[in-house]
A.B. asks: 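Supplied in structure tokens, the structure appears directly below.
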Number of protein chains: 2
Amino acid sequence: MESKTDNLIGKTITLDDVAKEAGVSRKTVSRVINANGYVSEATRQRVEAVVRKLGYRPNLVARTLASARSTVIGLMIPGITNRYFSQVIAGVESIAQENQYSVLLLNTYGDFARERDAIRLLEEHRVDGLVYNTPTLPVAELRQLLPRQKAVVIIGHDPIEGMAGTVNVDVYSAMIQAVEHLVDVGRRRIAYVKPGIDERYPHRKRLEGLREAFRRLKLDVPPLMVEAVGGSIEDTSNQVEAWLSTKPDVDAIICYNDEAAVATIDACDRLGIKIPDDIAIVGFDDISLSRIQRISLTTFRIPRYEVGVAAARILFEQIHSTGDTSEVILQSAFVKRNSTPA
Amino acid sequence: MESKTDNLIGKTITLDDVAKEAGVSRKTVSRVINANGYVSEATRQRVEAVVRKLGYRPNLVARTLASARSTVIGLMIPGITNRYFSQVIAGVESIAQENQYSVLLLNTYGDFARERDAIRLLEEHRVDGLVYNTPTLPVAELRQLLPRQKAVVIIGHDPIEGMAGTVNVDVYSAMIQAVEHLVDVGRRRIAYVKPGIDERYPHRKRLEGLREAFRRLKLDVPPLMVEAVGGSIEDTSNQVEAWLSTKPDVDAIICYNDEAAVATIDACDRLGIKIPDDIAIVGFDDISLSRIQRISLTTFRIPRYEVGVAAARILFEQIHSTGDTSEVILQSAFVKRNSTPA
DNA sequence: GTGAAAGCGCTAACAA
DNA sequence: TTGTTAGCGCTTTCAC
């Protein structure tokens, strides 16, 4: 059997090739591929057979150029390696797949310049939308950059009026609850192991909660706080150890996240400090590790995966209907374990 | 001051707009943007000024269509959430950024169908290359699918002759070393906590190493092995606990990875089994957690990040010079801690 | 139901 | 050093 396209070996198969081989117009093939518009059943069958025979694959790049829709969204993350963010990524990715979208992943390292570059790059790739995790750039700059994107959802940042959807976790309330719990079990000299210079939303909200709780409960201003989160568990542990050996009057420590809490536990271990008798410890996240007996960390379960899911959902709402930029706030759940007294 | 393009508000700025405004040809602008070809200094200055003034951003989609190069690579990962893979991602991403490339991330969940879809999608996106982590698809199918890609590097799989570069970690030797270490410290009844049904390379190689070590050291065939890796730490811990309570004669357990090892430690704790006195435990990975006192896990440091870096490097070699498909094998490093006797 | 023509924004090859 | 002419492979509009 002869075909009009036998000389196509090695060449990329295009819509034209399929059309020629099937003896129909390009548009008809396009209709079959995209399952839109009316095509007679017979024609459809014939076209589909040819598509299979030739091993045709649509060129999404050409489609994007012609249609101005890319079926790609961008995802900016400050640290891929971080357990927290990898769950967010998973959530976003899953909803993207559900919507037949692909995810372009950009690691920003929580760095101004990289964030700028990433936004630009995403714009140049003409992505249909962008999930932007924990912006470091000042609001003024965001106001300039974001309007150029077709759709934006920000995670971990104050809403920027009418410019982007936002998804946040209510760590403010969680922090208040943490302090209340510690006071309930008789602790008063509460410290906070926090990230280094960090004005970003997730930290700021914790801090506001901490201050509010101290005010309400009429506690002293928290003792010097340890700036120790961000590096490896080992680094954090060393810094906390050094700090602890100069601060013997602390009886409770709240940590920015579970990783820091584990590091803090390790520091206490090395100093012979008993948990929770001498010092009680509270974390944030509820990583799976916090559950094992040797750690048994009191913490707040933060719905990381759900954060990603929510962000992606809002984004697709925007993409599909230029829907309003909404704000979602997810709650965390207190999990009492053995690193704090009963 | 008047410009020829004052009526461009709202419209996407194209190369043409810049060219018109600057009073040069499109190609000249293209030369300035891409910094290739000769352009007089004066012209360059003028064009750059216009680019800035108009806020022009090249359309990468159009460029890709015209040039058949996408500056995007695909990255297929069986599980984003997994600590191991997130490091690999970071490695790939970092080299990609270095090469001015973006990464399209696809989560395959270690699932046939998803892997197939992902490869197709990547092909349709006309990515310049593809890093494929731990293929689950049978070799026969890979032979069909992979040649359609411009460049391929596979992580965690036997080399497929002339079809893709490969990056692997020599866990075979590591496993032998693990057994030797355990025998050295007097253990003979060694068990292996392994993934469920899993014929994939990383597990198979460990298993081959295990068998070889048992042969060399004339040990009995390892006791029933626990299929317990893959779910959460909690799941694994429960399964190991259940199994352990029926197998009191084990004096050492090698675990597929550190996460499983931590779960195993937890199971022992709950059963009142002393580590390392009653049972010695060895893991694979050296996650940062393994270092803390409460865990102090004997393990093998696996260069995860470096795996990603190596994969990306090979890929770019292929992309830039249709270089040979090479094979890289990285070594792991034994790390002795307190979960095994001195 | 189907087709023809135009064009998305860029690069490539060749001129000038 | 710069410009011209064709496409890249698809969708879109409008005609038949």
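Bear in mind that the values here come from a model prediction, so they are computed numbers and not experimental data. Numbered from 1 within each chain, the chains take letters A, B, ... in sequence-line order.
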A.B. asks: Nearest whole Å is fine: how far is D:dG9 P from B:His125 NE2?
C.D. replies: 17 Å

A.B. asks: Can you pull out how bent the helix from C:dG1-D:dC16 to C:dA16-D:dT1 is, comparing the axes over its first five and last five pairs, to 10°?
C.D. replies: 30°

A.B. asks: For residues 97-123 of chain B, which residue pairs pass the ring pair (Phe, Tyr, Trp, His ring centres under 6.0 Å) check, not counting sequence neighbours?
C.D. replies: B:Tyr101-B:Phe316

A.B. asks: Looking at residues at least two apart in the chain, or sitting in another chain, which of them share a side-chain hydrogen bond (donor to acceptor under 3.5 Å, both in side chains) with A:Arg143?
C.D. replies: none

A.B. asks: With sequence neighbours left out, which residue pairs that include part of residues 150-163 of chain A fulfil the side-chain hydrogen bond (donor to acceptor under 3.5 Å, both in side chains) condition?
C.D. replies: A:Asp128-A:Lys150, A:Asp158-A:Arg204

A.B. asks: Starting at CZ of B:Arg46 and ending at P of D:dT1, how long is that distance when rounded to a whole Å?
C.D. replies: 15 Å

A.B. asks: My understanding is that only residues two or more places apart in sequence, or in another chain, count here; which of them pass side-chain hydrogen bond (donor to acceptor under 3.5 Å, both in side chains) with A:Gln97?
C.D. replies: A:Glu93, B:Arg114

A.B. asks: Can you measure B:Lys20 atom NZ to D:dG3 atom P for me and round it to whole angstrom units?
C.D. replies: 14 Å

A.B. asks: Determine the minimum heavy-atom distance between B:Ile33 and B:Tyr56, stating which atoms define it.
C.D. replies: CD1-CE2, 3.7 Å

A.B. asks: B:Arg26: what forms a side-chain hydrogen bond (donor to acceptor under 3.5 Å, both in side chains) with it, not counting sequence neighbours?
C.D. replies: B:Asp16

A.B. asks: Sequence neighbours excluded, which residues qualify as side-chain hydrogen bond (donor to acceptor under 3.5 Å, both in side chains) partners of B:Ser40?
C.D. replies: B:Thr43

A.B. asks: With sequence neighbours left out, write down each residue that passes side-chain contact (heavy atoms from CB on, under 4.5 Å) with B:Glu124, or none if nothing qualifies.
C.D. replies: A:Arg57, A:Pro58, A:Leu60, B:Leu121

A.B. asks: Using a cut-off of strictly less than 4.0 Å, decide whether B:Thr28 has a side-chain nitrogen or oxygen near OP1 or OP2 of D:dG3.
C.D. replies: yes

A.B. asks: Along nucleotides 10-16 of chain D, 5' to 3', which nucleotides get a B, which get an S, and which get a -, given that the test is a protein heavy-atom distance under 4.0 Å?
C.D. replies: BBB----

A.B. asks: Any side-chain N or O of B:Thr64 under 4.0 Å from OP1/OP2 of D:dC8?
C.D. replies: no

A.B. asks: So A:Val24, base contact, sugar-phosphate only, or nothing? Heavy-atom distance under 4.0 Å.
C.D. replies: sugar-phosphate

